[in-house]
Protein chains: 2
Amino acid sequence: MFKCIRGRKNSRERILDAAAELVSEIGSGRLTLDAVAERAGLSKGGLLYNFPSKDALLQGMIQRMIDEASTQKEALREKAEPGPNLEARLCTATVLNLHCGNMREIANGLLAASSENPRLLEPVRHIVKETFGNLKDTCEDLDASLLAWLAVEGLTNLEMHDLSPFSEEDRARIVASVNRLLHKGIAA
Amino acid sequence: MFKCIRGRKNSRERILDAAAELVSEIGSGRLTLDAVAERAGLSKGGLLYNFPSKDALLQGMIQRMIDEASTQKEALREKAEPGPNLEARLCTATVLNLHCGNMREIANGLLAASSENPRLLEPVRHIVKETFGNLKDTCEDLDASLLAWLAVEGLTNLEMHDLSPFSEEDRARIVASVNRLLHKGIAA
DNA sequence: ATTTATATACCGGCTGGACGGTTTAGTGCA
DNA sequence: TGCACTAAACCGTCCAGCCGGTATATAAAT
């Protein structure tokens, strides 16, 4: 099992990477199976062998994003410093990680699914709802936690659409502000 | 000039409304000229008479959003209460208005343009950059201003993708938190 | 050991339908 | 006469999904 004769690496991963990159480069509406197959280094038939339809491919992108986020969050929870609003701190850090460095494109499944078939966002809808519930249940300062969460969502959304006007330093400063908000709250 | 014989209302407006609604309902990737024409209550020829290409239509959606935002912002500036971080307060209020009530779909041009042809977002990119510049130049508390701005961006983005888990009360509470943040800042 | 069978992983040409855009011929109002 | 369309046919392109085939690996049978 887990054999991969032709590909050097798991084909599914290569395909998902290719799709995510292409969304960044040419826009979610121009994502075609042919383009993904070429970028991933296999044929269209091979692509459809791994993902039997375009919807399945988009679902795979969404699922990987969710799995990756979940893994990262639990990893962060292990080494989390004690302090207030833990869940919100984990949540913001995860969202920021998902759109940083070599992960920069992993969230592009959102754009692709949203443009092609909004129903594919159902799992994401569920996660968002769950996240909100967690924050409500566990965070000492819900107002600050929500603001922090929404702010990193806003930041990553700007970055996804390539609309961010922020330099690396700007981004760092914003992240620092988010953390300060989560530790100190809004002034009285 | 500005005559509109057949339509009860400006055709261009009806077309833009129809397109924005359709993006909400069927997803930006499934936005077709035929569907827009049907929804707007005119023929495809009539649609292409008003917007000679799909790109032109998307550009029109973006432009209306920008114009609407600019108008609203200046209207808000007239009756703005004195206080800190004026520009950020105008900015957040405008973004929130653009995604509220009968305006709910006006920002959908972003999704449509992003999926079809990301280059059409250039004017938005410019506005975002300018907004950031304004905040930097005029806001007493830049950190709080940026967080507030990004938070409402995050909120409206969730709403655009129909991912928001927030009730009306939740939303009101978040908006109140944003305003508190802009008036009081982050705790020391 | 050799043949046969089956499964895995993939190739790549093809087709049918959808879609953007054009064209043409005509309509009703000012 | 010009403006703002309607109605419908049409064209070329693009693209998802289909399908027959291929190479390799493993298993079973002889």
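These figures come from a predicted structure and were not determined experimentally. A note on names: the letters A, B, ... follow the listed sequences, proteins ahead of strands, and every chain is numbered from 1.
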With sequence neighbours excluded, residues passing side-chain hydrogen bond (donor to acceptor under 3.5 Å, both in side chains) with [X]:
X	value
A:Glu140	none
B:Thr131	none
A:Arg30	none

Qualifying salt bridge (Lys or Arg N to Asp or Glu O under 4.0 Å) pairs with a residue from [range], counting only residues at least two apart or across chains:
range	result
residues 179-188 of chain B	A:Asp143-B:Arg180
residues 127-136 of chain B	none
residues 51-65 of chain B	B:Glu13-B:Arg64, B:Asp17-B:Arg64, B:Lys54-B:Glu116

How many Å lie between [atom1] on [X] and [atom2] on [N], as a whole number?
X	N	atom1	atom2	value
A:Glu38	D:dC15	CD	P	12 Å
B:Leu47	C:dC19	CG	P	14 Å
A:Phe51	D:dG17	CZ	P	14 Å
A:Asn50	C:dT8	CG	C1'	11 Å
A:Leu42	C:dT8	CG	P	18 Å

Listed partners of A:Thr71 passing side chain to side chain contact (heavy atoms under 4.5 Å, CB included), at least two apart: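 For A:Thr71 there are no side chain to side chain contact (heavy atoms under 4.5 Å, CB included) partners, ignoring immediate neighbours.
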
Determine whether the side chains of B:Ser11 and B:Asn50 contain a donor N or O and an acceptor N or O closer than 3.5 Å.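 No, no side-chain donor-acceptor contact under 3.5 Å.
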
Give the residues of residues 53-65 of chain A touching DNA chain D, defined as any heavy atom closer than 4.0 Å, sorted by residue number.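 Per residue number, the list reads A:Ser53, A:Lys54.
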
Can you find an N or O donor on one side and an acceptor on the other, under 3.5 Å apart, linking the side chain of B:Lys44 with the base of D:dA8?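 For B:Lys44, whose side chain was compared with the base of D:dA8, there is no donor-acceptor pair (under 3.5 Å).
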
Taking atom CD of B:Glu38 as the centre, does the number of heavy atoms from other residues, nucleotides or ligands within less than 6.0 Å exceed 12?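 It does not: B:Glu38 CD has 12 such atoms or fewer within range.
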
Just report the end-to-end axis angle for the helix from C:dA1-D:dT30 to C:dA30-D:dT1, five pairs per end, to 10 degrees.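 End-to-end axis angle for the helix from C:dA1-D:dT30 to C:dA30-D:dT1: 20°, rounded to 10°.
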
Does A:Gly46 or A:Tyr49 map to a spot on DNA chain C nearer the 5' end, using the closest nucleotide for each?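 By nearest-heavy-atom nucleotide position, the 5'-most residue is A:Tyr49.
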
Base, sugar-phosphate, or nothing for B:Leu48, non-hydrogen atoms under 4.0 angstrom?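 Answer is base: heavy atoms of B:Leu48 come under 4.0 Å of a base.
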
Interface with DNA chain C, restricted to residues 18-35 of chain B and to heavy atoms under 4.0 Å: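 Heavy-atom cutoff 4.0 Å gives B:Leu31, B:Thr32, B:Leu33.
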
Side chain of B:Ser11 only, heavy atoms from C-beta on: which candidate in D:dC5, C:dG21, D:dG17 is closest?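 Of all the options, the side chain of B:Ser11 is nearest to D:dC5.
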
Under the rule for salt bridge (Lys or Arg N to Asp or Glu O under 4.0 Å), what residues qualify as partners of A:Asp162, not counting sequence neighbours?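 A:Asp162 satisfies salt bridge (Lys or Arg N to Asp or Glu O under 4.0 Å) with no residue once adjacent residues are dropped.
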
Tell me every residue that passes ring pair (Phe, Tyr, Trp, His ring centres under 6.0 Å) with A:Phe51, counting only those two or more places apart in sequence or in another chain.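 Result, ring pair (Phe, Tyr, Trp, His ring centres under 6.0 Å) vs A:Phe51: none returned.
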
